[in-house]
Amino acid sequence: MTASSRPSTVSALLTELVATAAAAAGHDGVLDALEPASPTSNPSFGDYQSNHAFRLGKALKTNPRAVAEAVKAALPVHPAVVRADVAGPGFLNFHLDDAWLAGHVVAQVQDTRGGVEDRGQGRTVVIDYSSPNVAKRMHIGHMRSTIIGNALHRLYEAGGYRVVADNHIGDWGTQFGMLIVGWRNWLDEAAFADDAIGELERLYVKFREEAAADPTLDDLARAETAKLQAGDPDNRALWLKFIDISMVEFNGVYDRLGVRFDETLGESAYNHALPGVVDDLLDAGIAVEDAGAVVVRYPDDHDVKAVRGKLLVIRKQDGAYLYGTTDLATLEHRLSTWSPAEIVYVTDGRQQLHFQQVFAAWQAWRAHRGLPADGVALRHMWFGTLKLPEGMMSTRKGNVIRLVELLDEAVRRARAVVDEKSPDLPDALRAEIAEAVGIGAVRYSDLSQNPQSDVSFDWDRMLAMEGNTAPFLMYSLARCRSIQRKADLAPGETPLAPAANGALVHERERALLRLLARFPESVAAALETQRPNLLCDHLFEIAQAFNRFYFDVRVLDADSDDQRAARLALVELSAAVLSRGLGLLGVPALDRM
RNA sequence: GCGCGAUUAGCUCAGCUGGAUAGAGCGUUGGCCUCCGGAGCCAAAGGUCGCAGGUUCGAAUCCUGCAUCGCGCGCCA
């Protein structure tokens, strides 16, 4: 394929050209870092710009404009570049050749990776996300980790990584003693048969109410928890039942959201390893006993500012372990099982200190064992808090918004729009479309903003169907497919080569091509910064550009066969990029809606 | 007290590894279907980028201080 000889992105190509020219102009080795070429801030400046001359000028203590002129004079001839101008104080602006640009986009679309750089090279990354607690339904508090984590999951795969998605569910702990007590005393068989998880939730709430009046129940629950942990067969059977019930609930939500995991290794999977972790840390002198507990202390001059003077308890006075202990055991297991280059934890930002502490403790442990410092990158990819207008997300209070309720409401609203806009479609198809649109809207509304911003829960905003939303992107794709249907072309069947036949010269066509060419760059940026919103922004721009093109340019009744073929190819290129991009966000792509 | 984060248009937010005239959506006002899907397109109004310094050819972006708000800080996760 022709793509193999091309740099993966236009930016990379132009950056290389500038580097070559700078070397030829005698500036080789002046700078160790290249200033990458970027799209121009304004189309009147051309297609791409390089600001490299500013850096060179600064290093050489000369006029950047003169440097830019010298670089421009030394630029190698390349079919991509039709013209280069020096502008302002030293900008080097590139005008791309129309047919070359179109050919480049064709090659990218034909590439199995969509032109996205293979950054991972098959290396493994473990992503820890979603992680709900067993015996409770998923509520909107689980939404962000699930959706953002899954988008990262998809982005890492697109970037050439082997991903191990691990759902670290909360399947161990004192709540099981309470549930067991509740189960034996207050189980409503009929209610359980009707709604198993709902009955478990009710039993939990019931227990808390009863225990408030009768504190001996707490002792009973602790005893049952202890029995479970000691391997009591009856309690263990109940515990497994609770997990099964919960997994049915979770998987229902995951299926609808398009989320899947490779592993579901919950807290219980590491229970057996916890004493060893504590012993090892004690032996290594990283942890110490303190008033009957075992703690890791962080000195006031620790490299990591956040943990200075802090303390992490890894075994309580009563001998019980905490989630920090589990996290350390989990980390060890992941390293020995998958040898990942990276482990990404997707949780709420309020856990920043916790993960800094766990990572710092592990680094000390690692150093003590003489393991290499660059063996694995631990990344806490935290996201902002979902703030509710009123009331907390408390299972006990019962005022929590469940994830399925959110999805159902989204689908309900989508259905109303589908019924209004597409009354001709059969009922079953409208239902299918509404499901896709509703789910897409929910996912996109979370992904389209900076993950680290706090979000206030707002039905209307979360389920919007107009503007910068999933339905708009899906609609743009459906428009592409509609044109193709009228031309008797199935998705993916349109010949792409005519895109480069020189007929795409309209301003709207060039604008669209420029954006399509940037797709690999925006995927790389989203992956590198762990901000899927960068990809959302770019797809939104593509959809806008497509709709402008659609409005101003006739495809099916073009002026000539060449022009028609070129425009049909452009429609397919747009569809291919939109569809691939939506796939990375986990937003369903539809042929009609 | 220490740490993390935020402060950009009426509202909700992008943009933050420094680049040319700060963007979008919603809302408001006004246009566009004899034409491939109007979930769309075009246009207008709307901003001392919290405040004050600093760094430099250039700062919403980097540094320092301040103000306001949110979150976190030894036996919950």
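All values derive from a computational prediction rather than experimental measurement. Chain identifiers are assigned alphabetically (A, B, ...) following the order of the sequence lines, protein sequences preceding nucleic acid strands; residue numbering begins at 1 within each chain.
Nucleic acid contact for A:V418: base, since at least one base atom lies under 4.0 Å from a heavy atom of the residue. Contacts of A:F54 with the nucleic acid, taken as non-hydrogen atoms under 4.0 Å apart, include base atoms. Residue A:Q352 is classed as a sugar-phosphate contact, given heavy-atom separations below 4.0 Å to backbone atoms only. Note on A:A293: a base of the nucleic acid sits closer than 4.0 angstrom, heavy atoms only. Counting any heavy atom pair closer than 4.0 Å across all strands shown, A:N42 reaches a base atom. Across all strands, A:R308 comes closer than 4.0 Å to no nucleic acid atom at all (heavy-atom distances). Residue A:F91 is in base contact, counting any heavy-atom pair closer than 4.0 Å across all strands shown. Residue contacts shown for A:M593 include a base, since a base heavy atom lies under 4.0 Å away. Among the atoms of the strands shown, base atoms are found under 4.0 Å from some heavy atom of A:L556. Across all strands, A:A487 comes closer than 4.0 Å to no nucleic acid atom at all (heavy-atom distances). At the heavy-atom level, A:V295 lies nowhere under 4.0 Å from the strands shown. A:V296 comes within 4.0 angstrom of nothing in the nucleic acid, heavy atoms only.
Taking the nucleotide of RNA chain B with the nearest heavy atom to each of A:Q452 and A:E528, the more 5' of the two is matched to A:Q452. Position along RNA chain B of the nearest nucleotide to A:N93 versus A:W382 favours A:W382 as the more 5'-ward residue.
Distance NE2 (A:H354) to C1' (B:C4): 16 Å, rounded to an integer number of Å. One atom, CZ of A:F546, and another, P of B:G37, lie 10 Å apart when rounded to the nearest Å. Between A:N547 atom CG and B:C42 atom P the separation is 9 Å, expressed in whole Å.
Within the model, atoms CD of A:Q229 and CH2 of A:W172 stand 5.0 Å from one another, a figure rounded to the nearest 0.5 Å.
Salt bridge annotation for A:R412-A:E409: present, with a cationic side-chain nitrogen under 4.0 angstrom from a carboxylate oxygen. In summary, A:D128 and A:R379 do not engage in a salt bridge, as defined by a charged side-chain N under 4.0 Å from a carboxylate O.
With hydrogens and angles ignored, no donor-acceptor pair under 3.5 angstrom links the side chain of A:Y475 to the base of B:A39. Judged by distance alone, with hydrogens and angles left aside, A:Q49 brings a side-chain donor or acceptor within reach of the base of B:A20, the pair sitting under 3.5 Å.
Between A:N51 and the phosphate of B:G18, there is no side-chain N or O to OP1/OP2 separation shorter than 4.0 Å. In terms of phosphate contacts, A:K305 brings no side-chain nitrogen or oxygen within less than 4.0 Å of OP1 or OP2 of B:G3. The phosphate of B:C76 has neither OP1 nor OP2 within less than 4.0 Å of any side-chain N or O from A:Q351. Between A:N533 and B:G15 there is a side-chain N or O to OP1 or OP2 distance below 4.0 Å. A:R548 has a side-chain polar atom (N or O) that falls below the 4.0 Å cut-off from OP1 or OP2 of B:C42. When the side-chain nitrogen and oxygen atoms of A:K486 are compared with OP1 and OP2 of B:G37, one or more of them lie within a distance under 4.0 Å. Listed pair A:R531 / B:A14 fails the phosphate criterion, with no side-chain N or O lying under 4.0 Å from OP1 or OP2.
B:A24 has no base stacking with the ring of A:F540 when judged by centroids under 5.5 angstrom apart and an interplanar angle below 30°. By the 5.5 Å and 30° criteria, A:F45 is stacked with the base of B:A20.
Ring geometry for A:W459 against A:F457 counts as perpendicular: the plane angle is over 60°, on a 0 to 90° scale with 30° as the lower cut. Ring geometry, A:F54 versus A:F91: the interplanar angle exceeds 60°, so the pair is classed perpendicular (tilted spans 30 to 60°). Ring pair A:Y298/A:H302 is perpendicular by interplanar angle, where above 60° counts as perpendicular and below 30° as parallel.
Nucleotides B:C16 and B:U7 are separated by 13 Å at their P atoms, to the nearest Å.
Taking a pair to require two hydrogen-bonding distances under 3.5 Å in either a Watson-Crick or a G-U wobble arrangement, B:G1 pairs with B:C73. Judged by Watson-Crick or G-U wobble contacts below 3.5 Å, the nucleotide B:G53 has B:C63 as its partner.
With B:G37, B:A39, B:C41 as the choices, the nucleotide that has an atom nearest any side-chain atom of A:K421 turns out to be B:A39.
Between A:N468 and A:Y444, the side chains place a donor N or O and an acceptor N or O closer than 3.5 Å (distance only, hydrogens not considered).
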